[in-house]
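Numbers here are sequence positions counted from 1. Just follow the structure's listing: the first ligand is 1, and inside any ligand the first atom is 1.
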Amino acid sequence: MIASRLLSLLIAASPVFAQTPRPGVNYDEEKVGNDPLPDLKVTTADAWMNSRRGEILKLFEQHVYGKTPTNLGAPKFEVTATKMDALGGLATRKFIHVSLPERPAWQGMDVMLYLPNGVKAAPCFVGLSFGGNHAVSAEKDVPLSTRWMRESKDKHIVNHKATEATRGSESSRWPLEKILKAGFAVATAYYGDIEPDHADGWKEGLRAAVSRAGVNTTWRDGEWGAIGAWAWGLSRIADFLQTESHIDARHLAVIGHSRLGKTSLWAGAQDERFGVVISNNSGEGGAALMRRDFGETTAIITKVFPHWFTSQYANYAGRVAACPIDMHMLIALAAPRPVYIASAAEDHWADQKGEFLSGLHAGPVYALFGKKGLGVHVQPSVDTPVGDFIGYHNRTGKHDVTNYDWTQYLAFAKRHWGL
Ligand code: GTR
């Protein structure tokens, strides 16, 4: 027990583990699992929208992420600061405190919104960050988060407060000027505002605050985990954006990287207001097919990060074929909306091919709507974006969000929205 706990901590603590092949983990294409994928059972577009989509959504609630509560009351939005000449005049920057008046135990989250100046109603990218608003933006007057922080990239279990040194530390993943110059707004919040990302994080986050038994809650199968809570936060940002006159709320793209890419897919599956859904290197528990057992597996992820999922998911450790879903069904839940899956060529841990294949096997649902999915059957070579309503690329480099990724996402959103 102690040994496995130690192993879990090591895996969780080290990004090196996330990149370097590890003993006991399969990286051999010859040895991938070959259990058949669960059948999407697609018949007609109407049947998909009116019944099958709902059934699959329920399966993801029961077996993977848990059910998102719908009885938390209306969120309250307070604009706490507005700056008209942010980023050298390129943007108007607002901070919005989102809270739940009926659930005052939740401390709320602070959304940072950048609106491109000169655009009447901007389409918007919506995503959570790992480091807080002050890490996304390098602007000196963005308040430092006062909430739980990872101590460093290597140690994210320990409680810690943000320091000036982390200002702008995530800015390469959020090329604000590039996005704003393309005419898009950016709405982001810190995932730790919703729930700190460690095994006991829920006790100081939204889940305990809204649960009847509070910190004494015993989570049952089918109840939500951290990914569910984070995805809920994305939908509350969408709620706010509906009220913001400088946003074109019909054009919201939800985006996330890695565990937040899993979150983005789950948010996009549940909330159809996200008209474009983007998964950046989301891997296991996200876009990667679980039945392949390549790189990170269901067994590993549910052992190291049990708090991300509903408890039932861990029952599929080592027996993925027993799980009634696989991740092509998660991609399909975005249909008929455009969805983009991105891999990174060095990110074997996330199983690039498994990410591609979930897109490929979601294709039949898009076909019901007369829409082309990936348009190819074989994973394309690196740095070769493909796809129509299902976009895909495998970028040179490691597990990260880069300028290259954003170039594709901006082009994808523009193409689909006719911008
Ligand atoms: C890893 C984890 C992945 C991925 C990644 C991240 O440790 O195994 O599933 O989510 O973290 O979020 O950076």
**Student:** Could you tell me whether R147 sits above the aromatic face of Y190, with NZ or CZ closer than 6.0 angstrom to the six-membered ring centre and within 45 degrees of the axis?
**Tutor:**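 No - R147 does not lie over the ring of Y190 by the 6.0 Å and 45° rule.
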**Student:** Atom 4 (C) of ligand 1: which of G256, S282, S258 has the nearest heavy atom?
**Tutor:**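 Closest candidate by heavy-atom distance is S258.
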**Student:** Whether the T298 and E284 side chains hold a donor-acceptor pair (N or O, under 3.5 Å, no angle test) is what I'd like checked.
**Tutor:**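 Their side chains do contain a donor-acceptor pair, which is all the 3.5 Å distance test asks for.
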**Student:** For K83, enumerate each residue passing the salt bridge (Lys or Arg N to Asp or Glu O under 4.0 Å) test, keeping only those at least two apart in sequence or located in another chain.
**Tutor:**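 With sequence neighbours excluded, K83 shows a salt bridge (Lys or Arg N to Asp or Glu O under 4.0 Å) to D141, given in chain and number order.
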**Student:** Please list all pairs passing the salt bridge (Lys or Arg N to Asp or Glu O under 4.0 Å) test where one or both residues lie in residues 208-229, with sequence neighbours left out.
**Tutor:**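 Passing the test, one end in residues 208-229: R220-E223.
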**Student:** In a check of side chain to side chain donor-acceptor pair (under 3.5 Å) between Y392 and each of Q352, E355, Q408, Q379, which one passes?
**Tutor:**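 Answer to the side chain to side chain donor-acceptor pair (under 3.5 Å) test with Y392 among Q352, E355, Q408, Q379: Q379.
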**Student:** By number and element, which atoms of ligand 1 are closer than 4.0 Å to a non-hydrogen atom of K262?
**Tutor:**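 Answer for ligand 1: 3 (C), 4 (C), 9 (O), 10 (O).
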**Student:** Below 4.0 angstrom from a heavy atom of F305, which ligand 1 atoms are there? Numbered from 1 as shown, please.
**Tutor:**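 Selected atoms, number and element: 2 (C), 7 (O), 8 (O).
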**Student:** Test your reading of the structure: does R259 have an N or O sitting under 3.5 Å from an N or O of ligand 1?
**Tutor:**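 So ligand 1 has an N or O lying under 3.5 Å from an N or O of R259.
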**Student:** At less than 4.0 angstrom from any non-hydrogen atom of W308, what atoms of ligand 1 do you find?
**Tutor:**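 Counting from 1, the qualifying ligand atoms are 9 (O), 10 (O).
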**Student:** Look at atom NZ of K178 and say whether more than 12 heavy atoms of other residues, nucleotides or ligands are closer to it than 6.0 Å.
**Tutor:**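 Yes, NZ of K178 has more than 12 neighbouring heavy atoms, counting only those of other groups under 6.0 Å.
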**Student:** Under 4.0 Å from a heavy atom of I301: give me the atoms of ligand 1 that qualify, with their elements.
**Tutor:**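 What qualifies from ligand 1 is 9 (O).
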**Student:** Looking at ligand 1, would H257 count as a contact under a 4.0 Å heavy-atom criterion?
**Tutor:**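 The answer is no: ligand 1 sits nowhere under 4.0 Å from a heavy atom of H257.
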